Number of protein chains: 2
Amino acid sequence: MDSANIRDRRKIQKPMGVPEIVVGRLPLYLRALSHLPEEVKAITSDELGNLLGISSAQIRKDLSYFGEFGKQGSGYEIDYLRQQLQQILQVDKQWPVALVGVGDLGQAILSYGGFQERGFYIDVAFDVDPQKFGKSFNDIQILPVSQMSKFIAEHELLIAIVAIPSSVAQMVADELVQAGVRAILNYAPVTLNVPEHVRVYHIDPAIGLQNMTYYL
Amino acid sequence: MDSANIRDRRKIQKPMGVPEIVVGRLPLYLRALSHLPEEVKAITSDELGNLLGISSAQIRKDLSYFGEFGKQGSGYEIDYLRQQLQQILQVDKQWPVALVGVGDLGQAILSYGGFQERGFYIDVAFDVDPQKFGKSFNDIQILPVSQMSKFIAEHELLIAIVAIPSSVAQMVADELVQAGVRAILNYAPVTLNVPEHVRVYHIDPAIGLQNMTYYL
DNA sequence: TATTGTGAAATTCTTCACAGCC
DNA sequence: GGCTGTGAAGAATTTCACAATA
């Protein structure tokens, strides 16, 4: 990189044209850094690669899309790299998330304590079952889905977790998008159709299992 | 493909050197086929591609690694293609699976009815909490983890689902591998280190969310 | 006629290998 | 001396485009 990088400092945070596959690995790097023993202050790309089963060259190249975070001779200072990754991924703040569906899975998600330290908190939950209205898990209130659009739009929530049956997932997704949601974590085992500007991340355990049985 | 394909009929099922990324898409194709209305008997690669947000060329090329399943002019017969995909992925039978960890998430997994039709059933569950021993969800018995290795080895279980805290996940994974498990669906938010011959599929909702926040 | 299956081309992604720097 | 950052090379993946054919 030539001296232009001094002028371009603004751009380091969000350079254009970073491949999606690279962005997809950043959360893995961040997670690995968070699991390191306190006393370790620095890590080389080689060590991080071994932890993750990834080549050191790939880690260095991935990071180089966003800036120069390492020191020749000694590697990456862990606190600093973590902070940088959190900034890049925008998880240096806490995002409010809406949960749709408070069945068994939804309740497990409500009880899960792991989101906080990764940049998220469940702000509100929605369900169709009147028995659940007003109840709350972990201080999170459960509202009727009929109020979903209004609540999400008014509170400007951008992220939703969908934990409902496949049969209604697309309909609910449409409504979420309409209300302004731009990122959906979808637990329903069905491909959701959404506009360009909305992202969907699918979680389907059976897909994972079927992936592996091929090789058994 | 020349006339050799007649002799090689045996190999169509498991041709060598199919890229992992191709195998990874097969479960998506299978899932999409399963969600089609009963009355639809055939589908073109173009239609299937639109459902999945994938190019038709990619679908055709992916399938061509395993055989010729379509008909020029009319596309793929759905029942037939589904059957073929199930065979290729080896989910034309039911795999018994061990679940480790019966916390909130583990219980949601036990209650989940969706595995059956995708080729899997939870055969047994393990936990450390004596309060849970002997109880059963959906007729699945909960045993102490101390009996895990023995049970898995004796019943020759090859697949396990890990739904336990990160702190103990690696230890349990080592034990599972030792007992003969060759595929692990890991819900603990930590990269597991396993030998070559064992596959791990990671499910971590926070990774999915962090993936998307980059683009918000 | 419509759509598959597939070599070849184009593109994307990963690894190599080393100058530069701490 | 050891490790990063990075062009260039190499490998993998996707798309193109069209002959073959139901």
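Every chain is numbered from 1, with letters handed out A, B, ... down the list of sequences. Owing to the predicted nature of the structure, the values given are computational and were not obtained by experimental measurement.
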For this session: Evaluate the side chain to side chain contact (heavy atoms under 4.5 Å, CB included) criterion for residues B:M148 and B:I152: first the C-alpha distance (whole Å), next the side-chain angles of each, then the deciding distance (0.1 Å), finally the verdict.
Result: CA-CA 6 Å; B:M148 187 176 77; B:I152 287 177; 3.7 Å; yes

For this session: Take A:V18 and B:Y214 through the test side chain to side chain contact (heavy atoms under 4.5 Å, CB included) and record every step on the way to the result.
Result: CA-CA 11 Å; A:V18 179; B:Y214 175 82; 3.9 Å; yes

Problem set entry | Steps toward side chain to side chain contact (heavy atoms under 4.5 Å, CB included) verdict (A:I164, A:D127) | CA-CA 9 Å; A:I164 56 182; A:D127 203 287; over 6 Å; no

Exercise. Does the side chain to side chain contact (heavy atoms under 4.5 Å, CB included) test come out yes or no for A:L85 and A:F69, once each step is laid out?
Worked result: CA-CA 10 Å; A:L85 285 171; A:F69 305 125; 5.9 Å; no

Mind listing the side-chain donor-acceptor pairs of residues 49-63 of chain A below 3.5 Å, one per line with the distance, residues two or more places apart or on another chain?
residue, atom, partner, partner atom, Å
A:N50, ND2, A:D46, O, 3.4
A:S55, OG, A:Q58, N, 3.1
A:S56, OG, A:R60, NH1, 3.3
A:R60, NH1, A:S45, OG, 3.1
A:D62, OD1, A:R25, NH2, 3.1
A:D62, OD2, A:R25, NE, 2.7
A:D62, OD2, A:R25, NH2, 3.3
A:D62, OD2, A:Y29, OH, 2.6

Using a 3.5 Å cut-off and no angle test, enumerate the donor-acceptor pairs between side-chain atoms of residues 36-43 of chain B and protein atoms at least two apart in sequence or in another chain.
residue, atom, partner, partner atom, Å
B:K41, NZ, B:E38, O, 3.3

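Annotation: proximity of residues 37-46 of chain B to DNA chain C (heavy atom, distance under 4.0 Å) is found for B:T44, B:S45, numbered in ascending order. For DNA chain C, the residues of residues 17-30 of chain A within the heavy-atom distance limit of 4.0 Å (strictly under) are A:P19, A:I21, A:R25, sorted by number.
Taking atom CG of B:L63 as the reference point, atom P of C:dT3 lies 16 Å away to the nearest angstrom. In this entry the distance linking CG of A:D62 with P of D:dT6 reads 13 Å, nearest Å. The OH atom of B:Y80 sits 15 Å away from the P atom of C:dT4 (whole-angstrom rounding). Following rounding to the nearest Å, A:L81 (CG) and D:dG5 (C1') show an atom-to-atom distance of 14 Å. To the nearest angstrom, P of C:dT3 lies 14 Å from CD1 of B:I59. Rounding to whole angstrom units, CD of residue A:Q58 and P of D:dA9 are separated by 20 Å. Rounding to whole angstrom units, CD of residue A:E68 and P of C:dC22 are separated by 10 Å. In this structure, CD of A:Q84 is placed 12 Å from P of D:dG5, rounded to the nearest angstrom.
For the side-chain contact (heavy atoms from CB on, under 4.5 Å) test, residues two or more places apart in sequence or in another chain that qualify with B:Q116 are B:Q94, B:Y121.
In the helix from C:dT1-D:dA22 to C:dC22-D:dG1, the end axes, each obtained as the rotation axis mapping the C1' atoms of four pairs onto the next four within a five-pair block, lie 20° apart to the nearest 10 degrees.
Applying the 6.0 Å contact sphere to CD of A:E154 captures more than 12 heavy atoms from other residues, nucleotides or ligands.
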Using a cutoff of under 3.5 Å, can you pull out all pairs of nitrogen or oxygen atoms linking the protein to nucleotides 8-10 of chain C, with atom names and distances?
none

Restricting to nitrogen or oxygen on both sides, can you table the protein-nucleotides 17-22 of chain D pairs closer than 3.5 Å?
residue, atom, partner, partner atom, Å
D:dA17, N6, B:R60, NH2, 3.2

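The stretch residues 78-102 of chain A participates, sequence neighbours left out, in no salt bridge (Lys or Arg N to Asp or Glu O under 4.0 Å) pair at all. Each salt bridge (Lys or Arg N to Asp or Glu O under 4.0 Å) pair with one or both residues in residues 187-214 of chain B, not counting sequence neighbours, appears once here: A:R31-B:D204, A:R118-B:D204, B:E20-B:R199. Residue pairs meeting the side chain to side chain donor-acceptor pair (under 3.5 Å) criterion with at least one member in residues 158-175 of chain B, sequence neighbours excluded: B:S149-B:E175, B:Q170-B:D174. Each ring-ring contact (aromatic ring centres under 6.0 Å, His included) pair with one or both residues in residues 165-205 of chain B, not counting sequence neighbours, would appear here, but there are none.
Within the 4.0 Å cut-off from OP1 or OP2 of D:dG5, at least one side-chain nitrogen or oxygen of A:Y76 is found.
Taking the six-membered ring for Trp and thresholds of 30 and 60 degrees, A:F115 and A:Y112 have ring planes more than 60 degrees apart, a perpendicular arrangement.
At least one side-chain heavy atom of A:W95 sits under 4.5 Å from a side-chain heavy atom of B:L216.
Remark: side-chain polar atoms of A:Q107 are not paired, donor with acceptor, to backbone N or O of A:D104 under 3.5 angstrom. Checked by atom type and distance alone, the side chain of A:H155 never pairs as donor or acceptor with a backbone atom of A:V124 at under 3.5 Å.
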